[in-house]
There are 2 protein chains.
Amino acid sequence: MSKMTKKERFLATSLKLINEKGFKATTIRDLASSLNCEVANIYNYIDSKQSLLETYLFGISNEFHFAMDTIIDSKISSEEKLKLIIRTHIDLMVKKPYELALLVNEWRNLKEPKLSTFIAEKNTYENKVKTVIKEGMEQGVFRSLDLEIATFTFLSTLRWLHDKNTGYPIKMDPLEIEKQITQFVFSGLCID
Amino acid sequence: MSKMTKKERFLATSLKLINEKGFKATTIRDLASSLNCEVANIYNYIDSKQSLLETYLFGISNEFHFAMDTIIDSKISSEEKLKLIIRTHIDLMVKKPYELALLVNEWRNLKEPKLSTFIAEKNTYENKVKTVIKEGMEQGVFRSLDLEIATFTFLSTLRWLHDKNTGYPIKMDPLEIEKQITQFVFSGLCID
DNA sequence: GTCTATAATTCGATAGAC
DNA sequence: GTCTATCGAATTATAGAC
């Protein structure tokens with residue numbers, strides 16, 4: 001924390017507070033209070049409360065897309081691609097738990113036209129996952145489930161992570177989580 | 001819609017609007033506007049905006065607990081219990097999609113002491129699911145995964161439903177969703 | 001039950017001195 | 001960059017006439 005610039009310190013503190021209270025419920029006065037400064041000073045770091053949310057959300061969204069594009073372009077099997085997608089989500093949860101929680105919980109508070117842009121990015125991401133699963137089904141590696149349902153169900157298996165692991169230190173061992181979720185997704189709960 | 005009392009009509013309209021905009025972002029003026037009435041009239045139906053949220057959330061929470069208790073007490077296998085839990089979630093999604101979405105997205109906006117009560121109910125529910133999975137593991141029916149991770153991952157597989165199916169008519173066939181999710185949860189994605 | 005009017009508070013954001 | 005002070009708008013909620 002010591003080598004942070006003031007702006008970085010502000011961004012980190014705000015991110016945590018917004019996660020605890022929610023974006024709408026967190027006021028500029030709340031931010032100032034938790035930083036022990038005056039309301040007016042907040043505007044040294046940001047243009048508006050809205051732009052703060054945009055910075056967080058598009059930042060973490062870009063990280064997901066960057067990782068996903070690397071996975072999609074690599075010459076590995078569909079099964080390996082899906083494993084890497086799981087790993088990416090867990091990595092990002094470890095490195096940026098608050099941003100990840102914000103990504104899931106607060107994107108609805110974006111305003112147009114940023115909201116439409118975000119939703120488009122979100123859909124693009126889901127479609128990339130869908131493509132991986134579709135490939136796997138066509139190759140006979142994955143079970144032939146309904147593609148939409150399988151994709152959303154798969155993505156959901158990764159969506160509790162931020163909720164139960166927000167904050168430092170991460171409560172569960174990332175490698176163990178990865179192993180367990182991979183097993184759940186690939187083989188299911190039942191033995192037979 | 002025609003046989004609704006005015007209060008029922010108000011509750012249904014408000015529920016939909018709160019889901020679209022978010023609880024904090026939905027103002028009493030928004031509610032009045034969508035009902036073509038004045039702000040003051042809203043308070044014929046409710047005591048406060050906060051109590052409105054409480055009514056919705058504890059109502060749907062109770063329905064989940066009621067269904068869950070019936071399942072837990074029944075003399076069926078762990079596998080059948082888990083199947084019924086899946087079915088219950090899908091049933092409630094079909095019957096009360098907006099309440100279900102609210103349950104996931106807006107419970108953070110409760111205030112103390114209601115917030116603590118809600119969180120306790122939420123934890124109790126998760127623990128009931130956990131017990132079912134634990135039973136199945138002990139009986140050798142379910143794979144021996146980490147109990148916490150398995151429970152949260154399982155519950156998450158049911159958590160995209162409200163997101164992709166909010167509103168009427170339900171876009172996907174409930175029986176098909178049930179079949180597909182059950183297969184995903186029990187057998188996983190991979191063929192082998 | 002419905003309306004007009006308004007109270008009381010809180011919000012995001014800014015002006016201007018230092 | 002930091003402060004004091006404040007603006008203008010929006011918010012929940014109520015009073016009181018009809």
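All chains are named by letter (A, B, ...) in the order of the sequence lines, taking the proteins before the strands, and each is independently numbered beginning at 1. The analysis underlying the following values was restricted to heavy atoms, covering all of them including side chains, and did not include hydrogens, waters or symmetry mates.
- Among dT2(D), dT11(D), dC11(C), the nucleotide with an atom closest to any side-chain atom of T27(A) is dC11(C).
- When rounded to the nearest whole Å, the span between CG of D47(B) and C1' of dT14(D) equals 13 Å.
- Between K6(A) and F23(B), the one whose closest nucleotide on DNA chain D sits nearer the 5' end is K6(A).
- Phosphate contact (OP1/OP2 of dC3(C), side-chain N/O of Y43(B), threshold under 4.0 Å): absent.
- Here the side chain of V39(B) is nearest to one of dA13(D), dA13(C), dC3(D), namely dA13(D).
- Candidate nucleotides dA13(D), dT2(C), dT4(C) were compared by shortest atom distance to the side chain of A40(B), and dT4(C) ranks first.
- The nearest whole Å value for the distance from the CD1 atom in I46(A) to the C1' atom in dG12(C) is 10 Å.
- Atom NZ in K49(B) sits about 15 Å away from atom P in dA10(D), given to the nearest Å.
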Salt bridge (charged side-chain N to carboxylate O under 4.0 Å, His left out) evaluation trace for K95(B) with E63(B):
CA-CA 11 Å; K95(B) 290 180 196 160; E63(B) 294 201 53; over 6 Å; no
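- Here the closest heavy-atom approach between residue R143(A) and residue S187(B) is recorded as NH2-O, 3.2 Å.
- Between I42(A) atom CD1 and dT2(D) atom C1' there is a gap of 12 Å when expressed in whole angstrom units.
- Here the P atom of nucleotide dT6(D) and the CD atom of E38(A) are 15 Å apart, to the nearest Å.
- The separation between N41(B) atom CG and dT2(C) atom C1' is 5 Å, rounded to whole Å.
- Atom P of nucleotide dC11(C) and atom CD1 of I28(A) are separated by 10 Å, given to the nearest angstrom.
- Looking at heavy atoms from C-beta onward, L82(B) lies in side-chain contact with F142(B) at the 4.5 angstrom threshold.
- The CG-C1' distance, from N44(B) to dA13(D), rounds to 13 Å in whole Å.
- Contact of the L11(A) side chain with the Y56(A) side chain is registered, since non-hydrogen atoms from C-beta on lie closer than 4.5 Å.
- Comparing K24(B) and R29(A), the nucleotide of DNA chain D nearest to each residue sits closer to the 5' end for R29(A).
- Between K111(A) and E54(A), none of the side-chain N atoms (NZ, or NE/NH1/NH2) sits under 4.0 Å from a carboxylate O, so this pair counts as no salt bridge.
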